[in-house]
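A note on names: the letters A, B, ... follow the listed sequences, proteins ahead of strands, and every chain is numbered from 1. Heavy-atom basis, side chains included; hydrogens, waters and symmetry copies ignored.
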There are 2 protein chains.
Amino acid sequence: MECKKTNFGQEHKKEMRAVQDSMDVLSGKWKIPIISSICYYNKRRFSDILNDIDGISNRMLSKELKELEINQLIKRTVLETQPITVEYQLTDHGLTLRTIINNLTEWGIDHRKVIVGKPL
Amino acid sequence: MECKKTNFGQEHKKEMRAVQDSMDVLSGKWKIPIISSICYYNKRRFSDILNDIDGISNRMLSKELKELEINQLIKRTVLETQPITVEYQLTDHGLTLRTIINNLTEWGIDHRKVIVGKPL
DNA sequence: CAGGATCCTATACGATACTG
DNA sequence: CAGTATCGTATAGGATCCTG
């Protein structure tokens, strides 16, 4: 005998799992900035991303890029230059994050206003 | 004279800072689930949230609620019952996260399909 | 240039017990 | 009920140096 409240809760549990799945992939200090950098310039090389993002180390960039690639958000292309360069770009799946990134950008600006009282 | 590319990059740096501001507040394992729980039920007591979220400890819940309150996303109300109960609800500012949470929910479902739902 | 290897610190998080 | 206190582990992240 299922009551309405049960399904209500069940449905919410699914939503929470979904939202946690997203955060598992996007959480942390660098993932979103990296995606944002690549997305903004369409294609971006390792050293360019390193310069785009203030404070990131090559170790972290390397590590994060690998995870993003495993999650099929970015695609890695080795260019046979001398020395070699590597280009990153978003996959179709990665591009679906644009809405979220735009929302997070707007919300971040708004949040700063609320907390600090004024934008910088 | 300023070239377009300069403003281009400058503008992007601002966007990245905004997006990082958001992630500073929302990153981690529990913040979004907590907000989601409170938002879903409108008002929610400490022990209810504890039950809503699978795996969270009272220590973490307490800590995270405090941070969310500092960031003015939730409002804490002590009810003079016996023993006392405490109700949490989203502030107006906290409510502005609904769009992001909805997007993250949809994206999480989509992402799971892409990652585990693909043929090997 | 693009990263890997190594070492280290800080913080996130978890388990359990206790209190007003 | 709604937390705190204490302790312990795991992981995130940083600094530096090395290599094809």
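- For the pair L104(B) and L97(B), the minimum side-chain heavy-atom distance is 4.5 Å or more.
- The nearest whole Å value for the distance from the CD1 atom in I34(B) to the C1' atom in dG3(D) is 14 Å.
- A sub-4.0 Å separation between OP1 or OP2 of dA2(C) and a side-chain N or O of S62(A) is absent.
- The nearest whole Å value for the distance from the CG atom in L61(B) to the P atom in dC1(D) is 13 Å.
- Of the inter-residue distances, the one linking C39(B) atom SG with N102(B) atom CG reads 8.0 Å to the nearest 0.5 angstrom.
- For the pair L50(A) CG and dG4(C) C1', the interatomic distance rounds to 14 Å; values are reported in whole Å.
- In terms of phosphate contacts, S47(B) brings a side-chain nitrogen or oxygen within less than 4.0 Å of OP1 or OP2 of dA2(D).
- Once rounded to the nearest 0.5 Å, the distance linking CD1 of I53(B) with NZ of K13(A) reads 9.0 Å.
- The minimum heavy-atom distance linking L26(B) with M23(A) is given by the pair O-CE, 3.4 Å.
- When distances run from any side-chain atom of R76(A) to the nucleotides dC1(C), dA2(D), dG3(C), the shortest one goes to dG3(C).
- Partner of L73(B) under the side chain to side chain contact (heavy atoms under 4.5 Å, CB included) criterion, out of I38(B), D92(B), V25(B), L90(B): V25(B) alone.
- A donor-acceptor pair shorter than 3.5 Å cannot be found between the side chains of H12(B) and S37(A).
- Nucleotide dT11(C) holds its C1' atom 17 Å from the CE atom of M23(B), rounded to whole Å.
- The separation between E80(B) atom CD and dA2(D) atom P is 13 Å, rounded to whole Å.
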What one-letter contact string describes nucleotides 6-20 of chain D from 5' to 3', where B marks a base within less than 4.0 Å of any protein heavy atom, S marks contact via sugar-phosphate atoms alone, and - marks no contact? B------BBBBB---
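- Closest non-hydrogen pair, W30(A) versus G55(A), comes out as CH2-C, 3.8 Å.
- Scanning all heavy atoms of the two residues, the minimum distance from N71(B) to I115(A) falls at O-CD1, 3.6 Å.
- Atom P of nucleotide dA2(C) and atom CZ of R44(A) are separated by 11 Å, given to the nearest angstrom.
- Helix-axis bend for the helix from dC1(C)-dG20(D) to dG20(C)-dC1(D): the local axis fitted to the five terminal pairs at one end deviates from that at the other end by 50°, rounded to 10°.
- Per the geometry, CG belonging to D48(B) stands 7 Å off P belonging to dA2(D), to the nearest Å.
- Salt-bridge annotation for K31(B) and E67(B): present, with a side-chain N of the basic residue lying under 4.0 Å from a carboxylate O of the acidic one.
- Regarding L65(B), its CG atom lies at a distance of 16 Å from the C1' atom of dC13(C), rounded to whole Å.
- Distances shorter than 4.0 Å separate none of the side-chain N or O atoms of Y88(B) from OP1 or OP2 on dC1(D).
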